[in-house]
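We count residues from 1, following the sequence as given.
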Amino acid sequence: MQLRKVTLEEILGEIEELPSDWMDEKARALESLIKLSLGRLRGLNRPVMADDLLAELRTDPRFLEICRLFLGKGQEPAAHVFCEALGVRVSWTKLQAMARQEPERLTKALDSLKFPELIQSHLERRWQAEDILIERYKMSRGRAIAGQRRGRSLEDDVAAVLKELRIPFDRGVSFLGKRGATAKCDFAIPGRDRPKVVIEAKGFEATGSKLTDFIGDILKIAQAKDFHMYFFLVTDGRGWHNRVSDLRKIVEFHDENLIDMIYTRVRLSDLAVVIRHIWENE
């Protein structure tokens, strides 16, 4: 099947922000804990005291995470603050263990850091303290989760296209190619053993080592690709605008027929048409 060549300018014109949902199961559990814990503290109808913090730690040691969010710091910076009050030098993980095993000791440190007053001051403000803590959590761990999910979202979009076509495929496998060579790919159609089509799908909102690794992965696939195989690349994300030279290199691979076609999210319908044609006619 003859495919037209796509240009660097076309790809840059199509690239858009990748969607993401930052909240995973761990985040949802903490959100629930924040609402329960702060609901109890607000329901005291009096100033928060050290014994109230101890009660929360005994109810759920993850209250330490809530204290960190009140502090407005990441885990390791918060660990330094807590350790200074405790007179020890341990990691955040060790502090989490202390919350389970020695809540009284940890409560004394929180009291010395004036956490009862800090929490009370937040509870008395007009906005909901829960909203602020969840937002801080989002900006720390949530940001990392969002980045991971952006990367997977493009793969999921491709998987949805293939499922709608009702064409068999293997996902996240090493395929068997030219002269017994193998390489990892995100999709192999109809399967990993000498497939008709291999697809690599990666999105980038940020630049860095992962993007550099991506180019290496592309070359490995191109080198293992057999003569009867098609190699399609699906990519998107604003990270490419800061690494145009790398994207240009990938387009050169396309011009040299190492990559048969480069798709973005806006042209996934074109990918579906091409794959259906290959499946039905080749």
Side-chain angles (χ1 to χ4, degrees), residues 17-153 205-206 208:
E17 181 179 2
L18 294 168
S20 69
D21 177 13
W22 73 271
M23 189 169 282
D24 62 357
E25 287 302 317
K26 184 175 180 180
R28 277 187 281 272
L30 186 69
E31 179 186 33
S32 177
L33 177 63
I34 287 172
K35 291 179 178 179
L36 288 171
S37 183
L38 269 60
R40 286 191 293 266
L41 293 175
R42 190 178 281 112
L44 293 172
N45 294 318
R46 59 166 172 76
V48 175
M49 303 176 66
D51 284 347
D52 302 319
L53 305 190
L54 177 59
E56 291 301 323
L57 282 172
R58 285 174 172 167
T59 300
D60 195 320
R62 290 176 300 169
F63 183 70
L64 177 65
E65 185 82 8
I66 295 177
C67 291
R68 176 184 73 79
L69 295 173
F70 270 118
L71 199 59
K73 294 182 179 292
Q75 290 182 345
E76 291 311 315
H80 293 314
V81 174
F82 293 144
C83 285
E84 187 174 347
L86 287 161
V88 297
R89 287 184 177 275
V90 295
S91 66
W92 178 255
T93 302
K94 293 288 187 182
L95 288 172
Q96 289 175 310
M98 186 181 294
R100 294 190 300 270
Q101 299 162 7
E102 301 179 81
E104 296 84 358
R105 182 184 178 189
L106 192 55
T107 298
K108 289 180 180 179
L110 294 174
D111 192 25
S112 71
L113 292 167
K114 299 189 180 301
F115 264 84
E117 293 85 349
L118 173 64
I119 293 173
Q120 184 64 38
S121 68
H122 279 73
L123 294 176
E124 289 174 350
R125 295 178 187 177
R126 289 188 177 182
W127 37 254
Q128 294 288 299
E130 290 91 330
D131 298 333
I132 300 300
L133 299 190
I134 291 167
E135 185 64 24
R136 286 179 178 174
Y137 189 71
K138 175 181 177 179
M139 293 304 291
S140 55
R141 184 172 185 274
R143 183 177 295 171
I145 295 297
Q148 294 168 11
R149 291 196 171 183
R150 282 192 180 103
R152 288 197 298 266
S153 69
E205 281 298 297

**Study point:** Glu84 atom CD: more than 12 heavy-atom contacts under 6.0 Å
**Key:** no
Revision key, fill the gap. Interatomic distance, CG@Leu95 vs CD@Glu76, rounded to 0.5 Å, equals 8.5 Å
Study note, to complete from the structure: dist Arg62:CZ -> Cys67:SG (nearest 0.5 Å) comes out at 13.5 Å
Practice item. Would you name the heavy atoms of Pro103 and Ala99 that are closest together and state the gap between them? Key: CB-O, 3.7 Å
Review point. Could you give the distance from CG (Leu118) to CG (Leu113), rounded to the nearest 0.5 Å?
Key: 9.5 Å
Review point. Can you list every salt bridge (charged side-chain N to carboxylate O under 4.0 Å, His left out) pair that touches residues 93-107, not counting sequence neighbours?
Key: Arg58-Glu104, Glu102-Arg105
**Study point:** Straight-line distance of Leu69 CG to Leu64 CG, nearest 0.5 Å
**Key:** 10.0 Å
Practice item. Give me the ring orientation class for Phe115 and Phe82: parallel if the planes are under 30° apart, tilted from 30 to 60°, perpendicular past 60°. Key: tilted
Taking only distance into account, with no hydrogens and no angle test, what donor-acceptor pairs under 3.5 Å do side-chain atoms of residues 45-57 form with protein atoms, sequence neighbours excluded?
residue	atom	partner	partner atom	Å
Asn45	ND2	Gly43	O	3.4
Arg46	NH1	Asp52	OD2	2.9
Arg46	NH2	Asp52	OD1	3.0
Asp52	OD2	Met49	N	2.8
Glu56	OE1	Ser37	OG	2.9
Glu56	OE1	Arg40	NE	3.4
Glu56	OE1	Arg40	NH2	2.7
Glu56	OE2	Arg40	NE	3.0

Check your understanding: Taking atom CD of Glu124 and atom CZ of Arg42, what is their separation to the nearest 0.5 Å?
Key -> 10.5 Å
Check your understanding: When rounded to the nearest 0.5 angstrom, what is the spacing between CG in Leu71 and CD1 in Ile66?
Key -> 14.0 Å
Revision key, fill the gap. Those residues at least two apart in sequence (or on a different chain) that pass ring-ring contact (aromatic ring centres under 6.0 Å, His included) with Phe63 are none
Check your understanding: So, are Arg68 and Glu65 salt-bridged, with charged N and O less than 4.0 Å apart?
Key -> yes
